[in-house]
Amino acid sequence: MKAIKLVPCLLIMLIVMSACSATSNAGDNFGKALEEWSGADFEATELVLKDDGDFSKELGFVVAGYPDTDDLQSTTFSCINGWIGQIDIRTPEKLTFGLRVAKEEGSSLVNTYKEKHDVDVKNSEIGGVEVRAASSKGNGMLYTWQSGGFQYSLHSLVGEPTGAQLETIVSGVKAEAA
């Protein structure tokens with residue numbers, strides 16, 4: 001009976017150890033991500049770390065065109081609850097943005113965040129795509145858009161991407177069915 005109770009604890013420890021060894025800042029990202037992954041209608045119960053944006057086995061899609069430049073580096077790739085792909089993106093200023101991708105049908109990515117982002121809502125067009133930007137009453141910005149049968153969200157707890165960084169992400173990141 002004691003061994004059965006230890007299994008979930010050992011699995012969590014294994015996930016944390018994997019996240020800490022995956023990249024130099026993955027441990028920091030992992031803690032922040034666990035906090036942010038639980039929203040009003042959402043409970044993070046399954047996390048699978050990946051080497052890149054190929055979520056085909058777990059989620060049925062591949063994310064291509066994610067940033068990997070000096071200005072925007074994709075550092076950690078995760079599958080969450082069998083329907084969300086997340087890519088953590090770092091800037092030279094040490095800001096971290098969480099990019100989430102999911103199929104358009106089903107639950108909304110907006111509901112996966114703890115805070116409601118409904119302050120200073122603005123819509124703009126970036127590269128032919130309608131992007132909604134909104135802040136929360138606490139701290140953080142959330143950008144959301146849909147394209148090609150997929151929904152995307154870009155979240156930051158501290159700071160915002162520059163206009164050029166946002167354009168690079170929105171215009172470059174594309175999910176494709178596997």
Side-chain angles (χ1 to χ4, degrees), residues 29 32-44 50 52-55 58-178:
N29 292 344
K32 290 176 187 171
L34 278 180
E35 181 180 314
E36 283 300 308
W37 284 341
S38 295
D41 302 332
F42 182 77
E43 180 73 29
K50 303 289 292 177
D52 57 27
D54 183 355
F55 303 117
E58 297 82 5
L59 308 177
F61 62 85
V62 175
V63 178
Y66 53 84
D68 195 16
T69 66
D70 289 339
D71 194 36
L72 295 167
Q73 293 185 330
S74 299
T75 59
T76 308
F77 302 83
S78 311
C79 298
I80 308 167
N81 288 8
W83 67 280
I84 300 170
Q86 176 156 320
I87 302 172
D88 289 341
I89 301 170
R90 298 261 313 191
T91 69
E93 299 80 27
K94 307 242 185 251
L95 296 176
T96 300
F97 307 125
L99 172 68
R100 292 184 185 172
V101 182
K103 293 178 181 175
E104 220 170 69
E105 76 271 358
S107 297
S108 171
L109 287 175
V110 173
N111 294 330
T112 64
Y113 295 94
K114 192 181 285 187
E115 295 181 336
K116 297 297 178 202
H117 294 82
D118 55 5
V119 178
D120 297 326
V121 177
K122 295 180 179 117
N123 292 316
S124 62
E125 188 175 306
I126 299 175
V129 176
E130 181 81 15
V131 177
R132 177 185 185 268
S135 61
S136 66
K137 290 181 182 168
N139 57 358
M141 284 295 294
L142 179 65
Y143 302 88
T144 56
W145 67 97
Q146 295 181 340
S147 178
F150 290 88
Q151 55 179 319
Y152 302 83
S153 68
L154 183 69
H155 184 253
S156 65
L157 285 174
V158 179
E160 296 180 42
T162 65
Q165 290 170 334
L166 185 59
E167 185 172 349
T168 297
I169 294 168
V170 171
S171 300
V173 175
K174 300 289 180 237
E176 303 167 347

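All heavy atoms count here, side chains included; hydrogens, waters and symmetry mates do not.
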Hey, mind stepping through T75 and Q73 against side-chain hydrogen bond (donor to acceptor under 3.5 Å, both in side chains) and telling me if it holds? CA-CA 6 Å; T75 59; Q73 293 185 330; over 6 Å; no
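- Relative orientation of the Y152 and W145 rings is parallel, given thresholds of 30° and 60° on the angle between their planes.
- A distance of 12.5 Å separates OG1 in T144 from CZ in R100, rounded to the nearest 0.5 Å.
- Separating the CD atom in E105 from the CD atom in Q151 is a distance of 9.0 Å, to the nearest 0.5 Å.
- The main-chain N or O of L109 is found under 3.5 Å from a side-chain atom of T112 such that the two form a donor-acceptor pair.
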Apply side-chain contact (heavy atoms from CB on, under 4.5 Å) to C79 and I84, showing your working. CA-CA 6 Å; C79 298; I84 300 170; over 6 Å; no
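- Here the straight-line distance linking atom CG of L154 with atom CD of E160 works out to 10.5 Å at 0.5 Å rounding.
- Between S171 and G127, the closest heavy-atom pair is OG-CA, 4.0 Å.
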Evaluation steps, side-chain contact (heavy atoms from CB on, under 4.5 Å), between F150 and K174: CA-CA 9 Å; F150 290 88; K174 300 289 180 237; over 6 Å; no
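- Between the CD atom in E104 and the CD atom in Q146 there is a gap of 4.0 Å [rounded to 0.5 Å].
- The number of heavy-atom neighbours closer than 6.0 Å to CD of E167, taken from other residues, nucleotides and ligands shown, is 12 or below.
- T76 and S78 get closest at one heavy-atom pair: CG2-OG, 4.0 Å.
- When all heavy atoms of A178 and V62 are compared, the pair lying nearest together is CB-CG2, 4.5 Å.
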With side-chain contact (heavy atoms from CB on, under 4.5 Å) as the test, would you mind laying out the steps for L72 and T91 before giving the verdict? CA-CA 5 Å; L72 295 167; T91 69; 4.0 Å; yes
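- Of all non-hydrogen atoms in L157 and H155, the two that sit nearest each other are CD2-CE1, 3.6 Å.
- Between the side chain of S74 and the backbone N or O of I89, no donor-acceptor pair lies under 3.5 Å.
- Not one N or O on the side chain of T96 forms a donor-acceptor pair closer than 3.5 Å with the backbone of R90.
- The shortest non-hydrogen separation linking A175 to F61 is CB-CD1, 4.2 Å.
- Residue N123 places its CG atom among more than 12 non-hydrogen atoms of other residues, nucleotides or ligands, all under 6.0 Å distant.
- Interatomic distance, CG of D88 versus CG of L99, reported as 9.0 Å (0.5 Å rounding).
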Kindly indicate, with the supporting measurements, whether the criterion side-chain contact (heavy atoms from CB on, under 4.5 Å) is fulfilled by S153 and L142. CA-CA 7 Å; S153 68; L142 179 65; 3.9 Å; yes
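- Residues F55 and F77 place their aromatic rings such that the two centres sit no closer than 6.0 Å.
- Within the model, atoms OG of S124 and CZ of R132 stand 12.0 Å from one another, a figure rounded to the nearest 0.5 Å.
- When every heavy atom of A133 is checked against every heavy atom of M141, the shortest pair comes out as CB-CE, 4.1 Å.
- Residues P92 and D71 meet the side-chain proximity criterion, which asks for heavy atoms closer than 4.5 Å.
- A distance-only check finds no donor-acceptor pair linking the side chain of N81 to the backbone of W83 [under 3.5 Å].
- Formation of a donor-acceptor pair under 3.5 Å by the S108 side chain with backbone atoms of V110 is found in this model.
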